[in-house]
Novice: 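Below are the C-alpha cells for one structure; questions will follow.
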Amino acid sequence: MKILNKSKLEEVLNRLGENADVYVPMSKGLQSGFYPWKSLEGGKDELMLDALNVYQPPKSVVFPQTERMYSLYQEGKGLKIEETYENDEPRVIFGARACDIKGIICMDEVFLTGGYEESFYKARRESTTIVANACYEPGPSCFCAAMGVDPLNPEGADVIIRDTGDAYIWEALTEKGEALSSTIKDLLEEKELSVPEAKPFIQQVDYDGVAEKLKGMFEHPIWDRTSEACLNCGICTYICPSCYCFDIQVKMYGHEGYRFRCWDSCMYEEYTREAGGGNPRPTGRERFRNRFLHKLEFFTERYGHPLCTGCGRCIVVCPAGINITSIISEAKEADLDA
Amino acid sequence: MNDFTQQIQDIASRLLDNGQVDVFIAWHKGQQDFQVQPYFARSADEAQNIIFNDYSIHNLSNSLLKFRDSKEKIGIVVKGCDSRGIIRLLEDNQIQRERLYIVGICCPGMKDPLQAMRDELGFNHKPESTELAAKCNDCIQPNPVIYDELLGTEQSPRVQDRFARVKEIEAMSADERYQFFEETISRCIRCYACREVCVACDCRTCIFDEMRPQWVGRENNTTDNLMYHIVKASHMAGRCIECGECERVCPVNIPLMLLNQKVIKDVNELFGPYEAGMQYVEGQKPPFSMYEESDPDDFL
Amino acid sequence: MHDDHKCNCEQPLVPGIVEVIDIKEETPDIKSFYVKNIDGQGVPFNVLPGQCAMISTPVGEGMFSCTWQEEQEWLQFAIKRVGLMTDDLHRIEVGQQLGIRGPYGNHFPIEESKGKDMLFIAGGIGLAPLRSFIKYCFKHREDYGKIQIIYGSRSYADLCFKDELFDLWPKEKDTEVFVTIDRPEEGWDGEVNFVPTYLEKLNPDPANKMAVTCGPPVMIKFVIQALEKMGYSDEQIITTLEMRMKCGIGKCGRCNIGSQYICLDGPVYNMVQLRQLPPEW
Ligand code: SF4
Ligand code: SF4
Ligand code: SF4
Ligand code: SF4
Ligand code: FES
C-alpha cells in the first residue's frame with residue numbers, strides 16, 4: 001500500500017499547492033476552519049489534521065458565503081450582462097472528515113440534480129479534489145453513523161488517508177484522486193501498515209423511522225417547547241456543512257454593478273417575508289420547525305437521506321444549547337396523539 | 001450552587017402554584033454535564049426541572065422580548081449583569097414592571113458552556129480551561145440592581161482594569177488599528193447572533209433587516225462587515241449593559257465587547273459618567289433615547 | 001411535470017435580456033408588460049398556462065406568472081406594485097430592457113381538463129395567472145365544455161382586463177362571466193359581494209367540472225370551503241400557491257412547503273396534493 005509519512009506532509013501540501021488552492025483544517029488564533037494552506041503563518045496558526053472537526057466546515061470552498069454571479073450594466077433603456085463569474089480554478093480540500101464531505105454530497109444533489117445544474121456551484125465543484133481523513137475515534141458530539149455516514153470510508157472522497165500514527169495510508173479512489181497522487185508520487189512510499197482500530201461512538205442516536213414519523217408531527221406540541229430557547233440566530237445554519245440556503249441580491253454603483261448570491265438562513269424572519277410584508281413563518285417557532293423538519297424529514301423525502309450528516313457542530317455552537325440529537329430522540333419518543 | 005437550585009425551584013413552584021406568574025424563566029439541564037439551556041417552566045411540576053449551576057450563564061432578560069406582546073406574568077432569574085438588562089427593557093417600555101417577578105442572584109461568576117463545549121469536543125486545539133468565563137472576569141456589577149427577592153450574599157466586582165483592552169487599541173497607530181479591525185472584522189460571518197442574543201437590541205425591525213432601503217449590504221466582505229459593526233456599536237451607545245453575551249456567543253470570536261466598551265468609554269468621557277441600566281427610575285430615559293427641541297443639531 | 005417546458009440553458013441563474021414593447025395600465029396598481037427578444041425576433045422561451053418567469057431589473061428579481069404568450073410575438077406579464085422591485089418596474093417605459101429567466105414551475109392541467117366544463121374563480125391580481133388558462137381554453141375552444149368565470153376585486157377600478165371581462169369574453173361561445181366588487185360604488189349596478197359568497201350564490205353544478213381558483217390566500221381558503229360545500233371533489237379543485245422566491249429552480253430553499261419547492265414542483269396544485277402538504281400555505 002501507499003503511505004505518506006507525516007514528515008513529508010508539508011512537502012506534499014506545498015507540492016499540491018503548486019497547481020491548486022489547497023484548503024486544510026487549521027487553527028487561526030481562536031478560530032478554526034478550512035483555510036488556504038498558503039495562509040498558514042508559522043508560530044500563529046496550526047495545522048489541525050488530527051482534530052476531528054474544525055469550526056468552519058469546508059462548505060465554503062465549493063459554496064462561498066458570498067459569490068458574484070454576473071455583471072450588470074445599464075445604459076439608458078439598455079441592460080447588459082457582459083460577464084459571468086463561474087470559478088473553475090483547481091482546488092483541493094485536504095483532510096476533510098466523512099461528515100463534512102457528506103455535506104458536499106448533499107449540496108451536489110441540490111445544485112446538480114432536479115432538472116437544473118447550477119453553473120456556479122458546478123464550476124467550483126468539478127474543479128475540486130477531495131482528500132478525506134478517515135475517523136477511527138469519534139468525538140463526544142459525533143453521530144454521523146446514525147445519519148447514514150461511514151466515517152471509515154467517506155463517500156465522495158477522491159483520496160482517503162488513514163492516520164496510523166507516524167504515517168497516513170494513502171488510497172486514491174477516483175480518477176481525480178489518481179491524478180492528484182501522481183503529482184506527489186515521489187513523496188509517497190510503498191509499505192504495509194495496519195489500519196487503526198475503530199472506537200465506538202459515544203453519542204447514541206436512533207434516526208430509524210424518524211423521517212416517516214415526523215410527517216405526522218407538523219402540528220405537534222414538541223415544537224412549542226423545543227423552540228422556546230432558540231434565539232433564531234442562525235449560527236447553526238451558517239456553521240452546518242450541509243445547509244445550503246442562499247439569497248440573491250444586487251449591488252449597483254450608478255450604472256454598473258453585479259448580482260451576487262450569499263448564504264441565507266431559514267432561521268431568519270426576512271427569509272420568507274413577502275414583498276407585500278406577509279410572512280408564512282411569522283415567529284421563531286415556525287422557523288425552528290422548518291429547519292429541523294427540512295433536515296430530518298423534507299430532505300429525506302426528496303433525496304432519500306437526511307440533510308444532517310451528524311457532524312455535531314450545531315450542538316457545539318448553539319448559544320441556547322439546542323441539540324439536534326435530542327430533537328431526534330424526542331421525535332422518536334413523541335406521543336402522536338399529544 | 002445546588003443551594004441556589006433548590007431555592008429557585010421552591011420560589012418557582014410557589015409562584016406558579018399560587019398563580020402569581022404564568023411562566024418562570026430559568027435554566028434546565030442540557031445533554032452534556034456542562035450544558036444548560038434557558039428553560040420556561042409553566043407548572044410547579046416543571047419547576048422541578050430547573051437547575052442553577054456554574055454554567056447558568058445566559059442572560060435570560062433577553063427572552064422577555066418573546067413576551068412583550070402577551071399579557072402573561074413572568075418570573076425570571078437574573079444575575080447582576082442580567083438585571084441591568086431588565087432595566088433596559090423597562091426603560092424602553094418593552095415590558096411592564098408589574099408583570100415581572102424578579103429573582104436576583106448575587107453572582108459568584110460563571111463558566112462558559114460554549115467554551116467548555118469547544119474544549120471538550122476538540123474543536124479547539126488548545127483548550128483554554130479558564131476558571132471563569134471571559135465576560136465574568138470583566139464584571140463590574142455582580143449583584144442584581146433590581147429584584148423582588150435576592151439570593152446569595154453580595155459579591156465584589158471582579159474587574160481589574162475595565163478599559164484595558166480599549167486602551168491597548170487606542171495606543172495603536174491609525175494604520176495598526178485599521179489593520180487590527182480589518183483582520184478581526186473580516187472574519188465575521190454576519191450570522192447576527194450577537195444581535196439576537198443582545199437584550200439592548202430590542203427594536204422590532206432592526207435596521208439590518210430593513211429592505212426598503214437596505215442600509216447595509218448582505219455581502220460578506222470587509223466593507224459591509226465593518227458597516228455592520230460600526231452601526232451596531234453606535235446603536236449600543238448608552239444601551240449596552242455589559243453582559244458580554246454578544247462576544248460569548250459569536251462563533252468566530254469577534255471581540256464585540258471591545259467595540260461596546262470603547263463606546264461606553266467615549267460616552268463617559270463626552271457626556272459625563274453614565275452606566276446603562278444601573279438604576280430604574282420610572283420615566284427616566286438613557287442618553288441618545290430622547291430628543292428635545294433645544295438639542296444642538298448642527299451636525300445634521 | 002416540468003420537463004417538457006424547461007429552460008435548458010447552461011447557466012440557469014443568469015437571465016437573458018428582453019425588451020418591453022408595450023405597457024398597459026390595467027388598474028391603478030397593476031400594469032401589463034409585453035416583452036420580446038431584443039433582436040425583435042420571437043420570445044425567449046415558450047410558456048404553458050400557469051408557468052412563471054423570473055424578471056429582473058437592476059433593483060431586484062421577482063417571480064411572475066405569465067399572463068399570456070402570443071405565439072412567437074410576445075410574453076405578457078400583469079404585475080402589481082407591492083414592493084421595491086415592482087415599484088421600479090412600474091416606473092419603466094416602453095423600450096426598456098429587462099432580465100428574464102424561465103419558464104419555471106409546472107402548469108395548469110390543460111390536458112386533464114379536456115372535455116370538461118371549466119369554472120374559473122379569481123380575485124384581484126389572481127386573474128393574471130388564470131387568464132393564461134382562460135385564453136388557452138378559448139384558443140382551443142372545441143377541447144373544453146362550458147366556461148364560467150367568476151371574478152371580483154375591491155372596486156371597479158381594481159378590476160383587471162376590463163375589455164375582456166365586459167366585452168370580449170362574454171361573447172365567446174358557451175361562456176358566462178360574473179363580475180363582483182367588494183363595496184357598492186356609484187355607477188356600478190352589478191354584483192356587490194365577496195368572491196366566495198358570490199360563488200355560493202351562483203352555486204355552479206360540480207358535474208363534469210374543473211374549478212380553478214387564484215387570488216389572495218384568504219379568498220382561496222374560503223373559495224375552497226365553498227366548493228367543498230357544493231360537492232366538488234378534491235380532484236376537481238385546482239389552485240396556485242405563492243411563496244417568496246429567489247432562485248426559481250429548487251435550489252435556494254426558501255419557497256418550500258414541506259418537501260415541495262413551489263418554484264419547481266408548483267405553483268399549480270389540486271386539493272388532493274395540497275392535503276398531503278403541511279398546512280403552511
Ligand atoms: S461525525 Fe463522523 S465523520 Fe464527522 S468527525 Fe465525527 S466521526 Fe468523523
Ligand atoms: S438552534 Fe441555536 S444556533 Fe440555531 S438559531 Fe436557534 S439558538 Fe441559534
Ligand atoms: S444539522 Fe448540525 S449535526 Fe447535522 S450536519 Fe448540520 S451542523 Fe452537523
Ligand atoms: S460578530 Fe459574530 S455573532 Fe455577530 S454577526 Fe459576526 S459572526 Fe455573527
Ligand atoms: S425559489 Fe429557490 S427553491 Fe424555490
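Residue numbers begin at 1 in each chain, while the letters A, B, ... track the order of the sequences.
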Novice: Is it the side chain or the backbone of B/N62 that comes within 4.5 Å of chain A heavy atoms, both, or neither?
Specialist: side chain
Novice: State, with a plain yes or no, whether a side-chain heavy atom of A/T283 is found less than 4.5 Å away from one of A/E269.
Specialist: no
Novice: Quick one: which of B/V249, B/N221, B/I189 has the most heavy-atom pairs under 4.5 Å with chain A, could you say?
Specialist: B/I189
Novice: Name the member of A/R225, A/R261, A/M267, A/Q56 that forms the most heavy-atom pairs with chain B at distances under 4.5 Å.
Specialist: A/R225
Novice: For each of B/R195, B/H58, B/E46, tally heavy-atom pairs with chain A at distances under 4.5 Å, and name the one with the top tally.
Specialist: B/E46
Novice: Heavy atoms only, distances under 4.5 angstrom: which of B/Q35, B/R190, B/E219, B/R218 has the most pairs with chain A? Name it, please.
Specialist: B/E219
Novice: Taking only residues two or more places apart in sequence or in another chain, which ones pass side-chain contact (heavy atoms from CB on, under 4.5 Å) with B/H235?
Specialist: B/I207, B/V231
Novice: Check this for me, if you would: do B/R99 and B/D22 make a salt bridge, where the nitrogen-to-carboxylate-oxygen distance has to be below 4.0 angstrom?
Specialist: no
Novice: Judged by modelled atom types alone, do A/T272 and A/N279 share a side-chain donor-acceptor pair under 3.5 Å?
Specialist: yes
Novice: Check whether the side chains of B/S43 and B/D45 place a donor and an acceptor atom closer than 3.5 Å, and report yes or no.
Specialist: no
Novice: A/Q249 versus chain B, heavy atoms under 4.5 Å apart: side chain, backbone, both or neither?
Specialist: side chain
Novice: Give me the one residue out of A/T226, A/D224, A/N290 that meets side-chain hydrogen bond (donor to acceptor under 3.5 Å, both in side chains) with A/R285.
Specialist: A/D224
Novice: Does a side chain donor of either A/R68 or A/Y85 reach within less than 3.5 Å of an acceptor in the other side chain?
Specialist: no
Novice: Quick one, A/R124 and A/P64 - any side-chain contact, counting heavy atoms below 4.5 Å?
Specialist: yes
Novice: Within a radius of less than 6.0 Å around CD of B/E182, do more than 12 heavy atoms belonging to other residues, nucleotides or ligands occur?
Specialist: yes
Novice: Check each atom of B/P113 against the heavy atoms of chain A and say whether the ones under 4.5 Å are side chain, backbone, both or neither.
Specialist: neither
Novice: Taking heavy atoms only and a threshold strictly under 4.5 Å, list by residue number the residues of residues 231-238 of chain A that touch chain B; give 'none' if the list is empty.
Specialist: A/L231, A/N232, A/C233, A/I235, A/Y238
Novice: Of the backbone (N, CA, C, O) and the side chain (C-beta and beyond), which part of A/D247 lies under 4.5 Å from a heavy atom of chain B, both, or neither?
Specialist: side chain
Novice: For a quick check under 3.5 Å, do B/R118 and A/Y55 share a side-chain donor-acceptor pair by atom type?
Specialist: yes
